2 protein chains.
Amino acid sequence: MKQEDTELMMPESVDDFGLSDTSDKETSGRASMTSRAYARLRADIIAGVLIPGQKLKIEELRQLYDVGTSPIREALSLLTSDHFVERIDQRGFRVATVSAKEFDELLKTRCWLEERALRESIAHGNASWEEQVVLAAYRLSRVPRSAADDHFVANAEWEVRHKHFHVTLISACDSTMLMKFCDQLYDQNIRYRQLSGIQAYPTRDVTAEHGAICDAVLARDADLAAQLLVSHYVNTGDFLKDQLDAY
Amino acid sequence: MKQEDTELMMPESVDDFGLSDTSDKETSGRASMTSRAYARLRADIIAGVLIPGQKLKIEELRQLYDVGTSPIREALSLLTSDHFVERIDQRGFRVATVSAKEFDELLKTRCWLEERALRESIAHGNASWEEQVVLAAYRLSRVPRSAADDHFVANAEWEVRHKHFHVTLISACDSTMLMKFCDQLYDQNIRYRQLSGIQAYPTRDVTAEHGAICDAVLARDADLAAQLLVSHYVNTGDFLKDQLDAY
DNA sequence: ACGCTTAAAAAAATCGATATTATTCCCAAC
DNA sequence: GTTGGGAATAATATCGATTTTTTTAAGCGT
């Protein structure tokens with residue numbers, strides 16, 4: 001469980017969904033202006049507060065987040081590399097656009113990368129990794145997917161644990177780079193999930209799917225685990241795709 | 001041959017090795033300060049002028065490249081996401097460190113991603129893609145690997161065409177994201193190649209390897225093509241690894 | 001009314017200065 | 001001789017103002 005990411009990250013807003021890994025890092029109230037701007041912008045983009053394609057005017061953001069131009073500009077530069085923001089020649093920044101085509105690519109690419117990462121993890125993971133997987137799966141199962149019983153309301157704690165489960169699955173793949181790519185794609189996917197504005201539970205039993213993946217992993221059945229993981233993503237993807245006509 | 005990358009890039013220095021894609025973009029002398037700083041810093045890091053781990057003092061860079069602090073800072077932020085620069089808490093920036101372990105991971109990850117991308121390209125590429133591959137292979141073969149006959153001197157034109165060949169191979173994979181990841185890893189790899197300071201030709205016939213890959217691709221033999229491509233990378237990797245003790 | 005040129009407004013990019021934070025170095029105390 | 005405190009120094013992070021560039025609007029002639 002090493003923490004090699006020195007990048008700036010400091011969760012602040014509630015909609016953050018554990019995307020900025022708050023794990024074992026100094027979570028003191030003190031944070032650089034750049035980090036704060038970065039975290040808030042990112043959260044607002046993922047949450048859909050900032051609409052895809054929307055112009056991001058420096059002066060507006062400056063006043064909104066109450067910081068100078070430099071931190072805003074730096075945060076936007078960082079978000080550009082995360083593909084949450086697009087920089088236009090000499091015309092400033094805007095929220096990254098979304099499209100059904102891009103979502104397809106995203107889903108596909110995630111499957112390719114996560115499958116590879118999972119297979120490597122299964123091949124190389126040790127006992128400690130197994131335990132971490134079990135623990136992450138258990139913790140995820142202990143929390144309801146929705147914050148309300150009758151209709152769907154995103155449960156922040158479930159989001160955090162869900163991400164942690166998926167990160168743990170591939171954490172033994174022995175490639176920091178691959179893990180970072182998967183992380184990036186995961187976050188992109190969450191954005192699409194938010195934007196699709198799902199209101200209803202999916203009908204399938206997501207918890208059972210997680211359990212099945214966990215079992216296959218513990219049995220070191222790479223083919224089965226990979227197949228289950230990919231279906232898990234594709235199913236969720238198809239579910240979202242239906243609600244993604246707006247873009 | 002679409003150009004979807006709106007990111008800032010503007011080749012300036014000679015050591016650039018075609019890493020910033022100058023393809024069909026406005027290559028006028030006019031470029032933003034940020035782009036210039038970005039391109040030059042990047043080139044200097046890849047070329048090894050800026051040593052791994054070296055502190056990057058804003059004031060120094062400001063004077064060296066003759067721009068204000070903001071563009072420098074923004075360029076460094078961008079390079080941070082490219083993993084060419086590391087940002088340390090509140091202590092500024094430094095050139096990303098290198099290590100044998102990281103190189104191993106890099107090589108491994110490249111193989112995984114490029115194999116997937118190549119297989120997808122072979123599965124989905126059309127006639128136009130085939131023609132582009134042939135053309136890229138031919139152009140690469142028309143230029144010597146070394147600028148000098150007796151000892152090895154990097155040939156900028158070969159570098160450009162080599163990259164273009166590899167980009168073309170996977171250009172039909174239908175995933176912009178995957179292509180970007182591969183691009184990133186390619187550039188990281190070039191940095192390692194530069195740092196290793198190779199002086200001699202590799203004994204194997206690199207041109208022949210490219211030809212073989214091209215043939216397998218045209219025959220739509222995915223297994224063979226993938227195997228050849230991976231060997232190509234692993235061979236080059238092993239060759240470099242031997243000379244990488246310094247770090 | 002339409003297109004072209006030009007002026008005014010808005011916004012982005014950049015700069016230089018200030019405030020903040022880390023580092024260094026010296027000196028005293030143990 | 002080492003350790004700890006605390007200036008002095010150096011470097012970063014941030015801000016507000018200035019310079020360019022782009023966008024909008026207006027004017028003019030056809």
Side-chain angles (χ1 to χ4, degrees), chain A residues 6-10 12 20 25-42 45 50-51 53-81 84-96, chain B residues 6-10 12 20 25-42 45 50-51 53-81 84-96:
Chain A
T6 321
E7 252 106 89
L8 35 102
M9 295 222 163
M10 196 62 60
E12 187 87 356
S20 5
K25 212 166 302 162
E26 189 75 35
T27 317
S28 67
R30 198 168 314 288
S32 72
M33 291 290 139
T34 302
S35 327
R36 289 203 339 204
Y38 175 81
R40 295 195 53 183
L41 274 166
R42 188 183 157 105
I45 291 172
L50 297 170
I51 311 297
Q54 180 183 338
K55 188 88 209 299
L56 289 169
K57 297 183 191 165
I58 307 283
E59 179 60 20
E60 267 182 22
L61 299 174
R62 212 185 64 70
Q63 297 200 311
L64 184 57
Y65 297 142
D66 195 46
V67 291
T69 53
S70 313
I72 291 285
R73 198 151 246 287
E74 249 177 84
L76 289 172
S77 292
L78 290 170
L79 288 164
T80 293
S81 307
F84 283 127
V85 165
E86 288 162 11
R87 154 177 247 145
I88 325 157
D89 195 38
Q90 207 114 353
R91 257 156 274 170
F93 302 86
R94 70 175 172 196
V95 180
Chain B
T6 320
E7 252 107 89
L8 36 102
M9 295 221 164
M10 195 61 61
E12 187 87 355
S20 7
K25 212 164 303 162
E26 189 75 36
T27 316
S28 67
R30 200 168 313 289
S32 74
M33 290 304 179
T34 303
S35 327
R36 289 205 338 207
Y38 175 81
R40 294 195 52 184
L41 274 166
R42 188 183 158 105
I45 290 172
L50 298 169
I51 310 298
Q54 179 182 342
K55 189 87 210 301
L56 289 168
K57 297 183 192 164
I58 307 284
E59 180 59 20
E60 266 182 21
L61 298 173
R62 213 185 63 68
Q63 298 200 312
L64 184 57
Y65 297 141
D66 195 48
V67 291
T69 54
S70 312
I72 291 285
R73 197 151 248 287
E74 247 177 88
L76 289 171
S77 291
L78 290 170
L79 288 164
T80 293
S81 306
F84 282 128
V85 165
E86 288 162 10
R87 152 177 249 147
I88 327 158
D89 194 35
Q90 207 110 0
R91 256 156 277 169
F93 302 86
R94 68 175 172 196
V95 180

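Remember, predicted model here, so these are calculated numbers, not experimental data. Every chain is numbered from 1 and lettered A, B, ... according to where its sequence line falls, protein lines coming before strand lines.
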note: B:F93, atom CZ; C:dA22, atom P; distance rounded to Å ~ 15 Å

Students often get this wrong, so: under 4.0 angstrom with heavy atoms, is A:L56 touching a base, only sugar-phosphate, or nothing? sugar-phosphate

Counting only side-chain N and O atoms of A:T34, is one of them less than 4.0 Å from OP1 or OP2 of D:dT14? yes

Specify the separation, in whole Å, of atom CG of B:L76 and atom P of D:dA13. 10 Å

Between C1' on C:dT20 and CE on A:M33, what's the gap in Å once rounded to a whole number? 11 Å

What nucleotide among C:dG16, D:dT22, C:dA12 has an atom nearest to a side-chain atom of A:K55? C:dA12

Tell me the interatomic distance from B:E74, atom CD, to C:dC15, atom P, rounded to whole angstroms. 11 Å

Return the value, rounded to whole Å, for the distance between atom CZ of A:R94 and atom C1' of D:dT22. 15 Å

Whole angstroms only, please: what is the CD-P distance between B:Q90 and C:dA19? 17 Å

Winner on side-chain proximity to A:V67, out of D:dT22, D:dC15, D:dT12, is D:dC15

One should read off an interatomic distance between A:S77 OG and B:R73 CZ, to the nearest 0.5 angstrom, of 11.0 Å

Spacing of B:E59 atom CD relative to C:dT20 atom P, expressed in whole Å: 20 Å

B:R91 side-chain N/O to C:dT21 phosphate OP1/OP2 under 4.0 Å: no

Let me spell it out: for each of A:R62 and B:G92, pick the nucleotide of DNA chain D with the closest heavy atom. Which residue's pick is nearer the 5' end? B:G92

Pair A:L78, A:V85 - check side chain to side chain contact (heavy atoms under 4.5 Å, CB included), show working. CA-CA 9 Å; A:L78 290 170; A:V85 165; over 6 Å; no

Report yes if a donor N or O on one partner sits less than 3.5 Å from an acceptor N or O on the other, where the partners are the side chain of B:T69 and the base of C:dC15; otherwise report no. no

Between CD1 on residue A:I45 and CZ on residue A:F84, distance to nearest 0.5 Å: 7.5 Å

Checking contacts here: which listed nucleotide (C:dC15, D:dT14, D:dT12) is nearest the side-chain heavy atoms of B:P71? C:dC15

Given atom CD1 of A:I58 and atom C1' of D:dA17, what is their separation to the nearest angstrom? 16 Å

Criterion side chain to side chain donor-acceptor pair (under 3.5 Å) against B:Y38, the qualifying member of B:R40, B:R36, B:R42: B:R42

When rounded to the nearest 0.5 angstrom, what distance separates CD in B:E60 from OH in B:Y65? 10.5 Å

